Amino acid sequence: MLSPYKILKSAQLNHYAIGAFNACNLELIKAIVISAHRLKSSVIIATSEGESEFIGMRKIRKIIDVWQEELNIPIILHLDHGHSLEKIKEAINSGYDSVHFDGSSLCLEDNIKTTKKVVNYVKKKNSGIIVEGELGYLRGSSELHSGVEIKEDDLTDPDEALEFIEKTGVDSLAVAIGNIHGIIKKQSNSSGLKYRNPHLYLSRLKQIKEKVEDKVFLVLHGGSGTPEGDIKKAIDLGIIKVNINTELRIAFSNTLRKILKEKKNEIVPYRIMPAVIDAVEKVVMEKIKLFGSVNSILK
Ligand code: 13P
């Protein structure tokens, strides 16, 4: 497999983004890897701290190794929103390819200091593991919300972004440009749209990119529910990784609820779960197409 760095660099050079899809069980992993394989796309499987605890870091590493061997596609295993050096170390010692240290709740100075410690730890291992830092305040969590207010103060400052990457040496930077975690639930309208998140501040992304150039991989969290046109423009402006969780959770839970309601007497998991996996695959494939990473394993 290409190194994680080369996989991300190829996205940067060829102007597409790789989907980072969150997973915490076999069904979600299966849906993600099968979709990526079908579309010949590189893919990132991400686990938050909670998801990592649920499935087990060492176990997900082994499961992904087996899928990778069988399908021969590049899969990056990534820790999403690690909040402490201990969690980062646990992920690295479990064989993760990439780690996200989220110091965005700290002041700039402390965020730089702690992120730098993570980078030093990872680089000492000389393992090619990717380190993602975060700057700016991203609201919400990967669930449905009735409303989330975004303030201009939350957004990543372009000068601070440059200072952050130069002082920490991170490979990737997650930016706050009006994106939120989760989806704002709205009533259906005439076009049938039930969910819609606010527009991204694309001009802010442009300013950040002008400052940091290609020195770092720019990452967009909170990809669920974001207007598709905005995602495309964000990729044109330099985003090379888009995180998706809530839309997978919705597809998984809603389909499971529906199947159990329809087939009241069905008790066999391998007859219940295929429809759930199909529903998640549909979302993953739509996103891979939107991000432009179809056939990326050939690039
Ligand atoms: P969504 O749940 O909004 O897709 O965000 C996922 C994410 O950013 C994970 O870090």
Side-chain angles (χ1 to χ4, degrees), residues 4-5 8 11-12 17-18 20 44 46 48-49 78-85 87-88 91 98-123 129-142 148-182 197-223 226 230-231 233-235 237-245:
Y5 183 86
L8 300 178
Q12 195 178 49
I18 301 176
I44 299 167
S48 64
E49 289 191 1
H78 172 78
L79 176 69
D80 187 34
H81 294 283
H83 289 283
S84 65
L85 190 54
K87 270 289 162 213
I88 300 281
S98 170
V99 288
H100 168 213
F101 173 70
D102 181 358
S104 60
S105 61
L106 304 171
C107 68
L108 178 65
E109 199 189 341
D110 290 347
N111 191 0
I112 289 176
K113 218 161 83 190
T114 324
T115 306
K116 176 90 188 127
K117 274 192 200 157
V118 171
V119 173
N120 286 345
Y121 177 80
V122 173
K123 302 296 165 196
I129 293 166
I130 296 291
V131 181
E132 178 178 322
E134 180 163 339
L135 198 60
Y137 180 36
L138 207 68
R139 292 174 187 264
S141 55
S142 292
V148 175
E149 196 198 345
I150 296 165
K151 301 198 172 120
E152 200 140 353
D153 267 5
D154 298 342
L155 307 186
T156 306
D157 176 87
D159 291 311
E160 288 184 0
L162 183 61
E163 183 185 349
F164 183 84
I165 63 164
E166 284 179 341
K167 289 191 172 162
T168 60
V170 286
D171 304 290
S172 307
L173 177 67
V175 290
I177 50 164
N179 42 329
I180 59 162
H181 282 124
N197 284 4
H199 281 285
L200 299 176
Y201 288 74
L202 292 162
S203 55
R204 178 60 66 100
L205 175 59
K206 191 161 179 279
Q207 290 164 355
I208 295 169
K209 180 69 183 176
E210 278 163 8
K211 278 278 168 197
V212 303
E213 299 170 320
D214 280 354
K215 295 187 186 93
V216 77
F217 300 127
L218 291 175
V219 173
L220 184 72
H221 280 243
T226 306
D230 285 20
I231 298 238
K233 285 183 196 144
I235 294 169
L237 289 169
I239 291 291
I240 65 106
K241 168 177 176 267
V242 182
N243 291 12
I244 300 286
N245 195 354

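Only a predicted model underlies this, so the values are computations on that prediction, with no experimental measurement involved.
For the atom pair CD1 of I239 and NZ of K233, the computed distance is 14.5 Å after rounding to the nearest 0.5 Å. Here CD of Q207 is found 9.5 Å from CG of D159. Values are rounded to the nearest 0.5 Å. A distance of 8.0 Å separates CD1 of I88 from CD of E49, quoted to the nearest 0.5 Å. Taken to the nearest 0.5 Å, the CD1 atom of I130 stands 13.5 Å off from the NE2 atom of H100. Taking CD of Q12 as the start and CD1 of I18 as the end, the distance is 11.0 Å to the nearest 0.5 Å. If you take CD on E213 and CD1 on I165, they are separated by 9.0 Å, rounding to the nearest 0.5 Å.
Using a 4.5 Å heavy-atom threshold, the side chains of V216 and L218 count as touching. For the pair E109 and I112, the minimum side-chain heavy-atom distance is 4.5 Å or more.
For the residue pair L8 and S172, the shortest heavy atom distance occurs at CD1-OG, 4.2 Å. P198 and I150 make their closest contact through CG-CD1, 3.7 Å (heavy atoms, listed as atom of the first residue, atom of the second, distance). Closest of all the heavy-atom pairs between A91 and V99 is CB-CG1, 4.0 Å. Scanning both residues, L135 and L108, for their nearest heavy atoms gives CD1-CD1, 3.7 Å. Heavy atoms only, all atoms of each residue included: L138 and V175 are closest at CD1-O, 4.4 Å. The nearest pair of heavy atoms linking A161 to I208 is CB-CG2, 4.2 Å.
Remark: side-chain polar atoms of R204 are paired, donor with acceptor, to backbone N or O of T156 under 3.5 angstrom. Although no hydrogens or angles enter the test, the distance criterion places a donor-acceptor pair under 3.5 Å between the side chain of N197 and the main chain of G182. The backbone N or O of S105 lies less than 3.5 Å from no partner atom in the side chain of E134, so there is not a single donor-acceptor pair. Checked by atom type and distance alone, the side chain of N111 never pairs as donor or acceptor with a backbone atom of L106 at under 3.5 Å. No donor-acceptor pair under 3.5 Å is formed between the side chain of N243 and the backbone N or O of A20.
Counting only residues at least two apart or on different chains, the salt bridge (Lys or Arg N to Asp or Glu O under 4.0 Å) pairs with a member in residues 162-173 are K123-D171, E163-K167.
Evaluated for a side-chain hydrogen bond (donor to acceptor under 3.5 Å, both in side chains) with H81, the options H181, E132, K87 yield exactly one hit, H181.
In this structure, K206 pairs ionically with E210, as a charged nitrogen and a carboxylate oxygen lie closer than 4.0 Å.
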Practice prompt. Might you work through the side chain to side chain contact (heavy atoms under 4.5 Å, CB included) test for L200 and L220, ending with a clear yes or no?
Written response: CA-CA 10 Å; L200 299 176; L220 184 72; 4.2 Å; yes
Item to complete: Could you check D214 against K209 for side chain to side chain contact (heavy atoms under 4.5 Å, CB included), going step by step and ending with a plain yes or no?
Response: CA-CA 8 Å; D214 280 354; K209 180 69 183 176; 2.7 Å; yes
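A tilted orientation is assigned to the rings of F217 and Y5, their planes being inclined by 30° to 60°.
Summarising the local packing, NZ of K215 is surrounded by more than 12 heavy atoms from other residues, nucleotides or ligands at distances under 6.0 Å.
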